[in-house]
2 protein chains.
Amino acid sequence: MVQRMQQMARPRGRPREFDVDQALDKAIKVFREQGYNATSIEDLTGAMGLASGSIYKAFKDKRAVFLAALDRYMRLRNDQIALIAGTRGTARERLRAVLGFYVDSAKGIEGRRGCMVVGSAVELAIVDREVATRVGATLARNEAFLADLIRQGQADGSISGRIDPDDTARVMVCLTQGLRVVGKSGRAPADTAAAVDIAMRLLA
Amino acid sequence: MVQRMQQMARPRGRPREFDVDQALDKAIKVFREQGYNATSIEDLTGAMGLASGSIYKAFKDKRAVFLAALDRYMRLRNDQIALIAGTRGTARERLRAVLGFYVDSAKGIEGRRGCMVVGSAVELAIVDREVATRVGATLARNEAFLADLIRQGQADGSISGRIDPDDTARVMVCLTQGLRVVGKSGRAPADTAAAVDIAMRLLA
DNA sequence: TCTTTTAGGAAAAGATCGTTCCCTAAATCA
DNA sequence: TGATTTAGGGAACGATCTTTTCCTAAAAGA
């Protein structure tokens, strides 16, 4: 049984010397800053600490590296937001925490580095169907997530029942994506609490 | 006198056969769809109806074409918004009209085509200082424009005096830029009036 | 009319980029 | 242990992209 698991863990030839996820994290950093087209294989080898041959052993081509990085980026970000929204309190308080996370992500160096979803949407959505699909799915998921949070707030009494959860969530998604655009130019709101207070006005 | 004006109008050698602004409009279309790095000189020659040599006669290099296109795009868009905001009515009504224009810009084919300011911010702001300067200036101008409109509304009584015009305008700019990101993936709000109603909640 | 200046256009040059190839290294299988 | 399989790494290749060059065309100046 243990031997079977070891066999499954070590497939055949020479084992990979680097951790794929760690390498993807480096790739994510580069793609967030420069986007897809401006990032050369040389940029990736430098950031990931690998030779070009090794990259092409692990990934079909540059686009596959990007898609893997995008998937990982979206997953990590989703996990973070789910964690923040999982804290105690009314749905309104949890929604406030989520919005605060978005505002903070848009500030300073992190904001300048940018968002891979926004970058993918702007640079590639029109020419790469697979990227467009993923971006659309993430935006839809974020929208549904926020709408659900709003509905929870309407159920626990912390959010007005007069607003439409879906329409409001959709506008809120625009706000969060816009924060990342503005963050790229270093003009994101400096005062997180103040910005979140204003954003919370969308809830009636 | 007439001869002097003709001299000024026709400088020296062979006159240019194409209209620079018309050519830039074609370039804007390509840059909006594909961004800077994905657009080749061949793309530009095709869209602008010029040979590469002619482009390099009129512009220093590809980057100069992009900067000229960006400047023209920003100017045209600014003019449109100023026109819309110049209509009669309370400042609140004019602000509503401006927001409606932003929402409409994010919808359908126009939305998929994208915004050159957003594209520039996301793709180039971190690597091109000159682009970053222009993007920052436009965002600041938009912010000041919206803040002024809010102040007018507070003066004419159509907008609550309890909100901070600058902070609110800053969040509103994020919303408008985000609309363009979401529009790239075809997920912009379908019902303009409903989306504007929700956005107007930011005014208290 | 002849010279000078600038534009149009296509081909060539020069640079860069993505990908493949080849050799060595490290693992498993027989 | 020898064969097989896969990874690491760097050079080489082929394609593409930006820019320059060169020749012709069209205008003004003398």
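Heavy atoms only: backbone and side chains are in, while hydrogens, waters and symmetry mates are out. Note on naming: letters A, B, ... go to the chains in the order of the sequence lines (proteins, then strands), and numbering restarts at 1 for each one.
In this structure B:E110 satisfies the side chain to side chain donor-acceptor pair (under 3.5 Å) test together with B:R32, sequence neighbours excluded. The side chain to side chain donor-acceptor pair (under 3.5 Å) check on B:S158 picks up B:D156, with sequence neighbours excluded.
Counting only residues at least two apart or in different chains, salt bridge (Lys or Arg N to Asp or Glu O under 4.0 Å) contacts with residues 39-58 of chain B are absent. Under the salt bridge (Lys or Arg N to Asp or Glu O under 4.0 Å) criterion, the residue pairs touching residues 78-88 of chain A are A:R75-A:D79, with sequence neighbours excluded. Counting only residues at least two apart or in different chains, ring-ring contact (aromatic ring centres under 6.0 Å, His included) contacts with residues 11-40 of chain A comprise A:F31-A:F66, A:Y36-A:F66. Pairs passing the salt bridge (Lys or Arg N to Asp or Glu O under 4.0 Å) check and including a residue from residues 89-98 of chain A, sequence neighbours excluded, read A:R96-A:D197.
Spacing between atom OH of A:Y56 and atom C1' of C:dT19 amounts to 5 Å, rounded to whole angstrom units. One interatomic measurement links the two molecules: CZ of A:F66 to C1' of C:dC17, which rounds to 18 Å at whole-angstrom precision. For the pair B:R63 CZ and D:dT18 C1', the computed distance is 15 Å after rounding to whole Å. In this structure, B:F59 atom CZ and C:dG8 atom P are separated by 11 Å, rounded to whole Å.
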List every contact pair, protein side and nucleotides 5-7 of chain C side both N or O, where the distance is under 3.5 Å.
unit_1, atom_1, unit_2, atom_2, d
C:dT6, O2, B:R14, N, 3.3
C:dA7, OP1, B:R16, NH2, 3.1
C:dA7, O4', B:R14, O, 3.3
C:dA7, N3, B:R14, NH1, 3.3

Counting only pairs under 3.5 Å, give me each side-chain donor-acceptor contact of residues 173-180 of chain A, with atom names and distances, residues two or more places apart or in other chains.
unit_1, atom_1, unit_2, atom_2, d
A:T176, OG1, A:V173, O, 2.7
A:R180, NH2, A:G114, O, 3.2

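Of the residues in residues 32-48 of chain B, those placing a heavy atom less than 4.0 Å from an atom of DNA chain D are B:T39, B:S40, B:I41, in numerical order.
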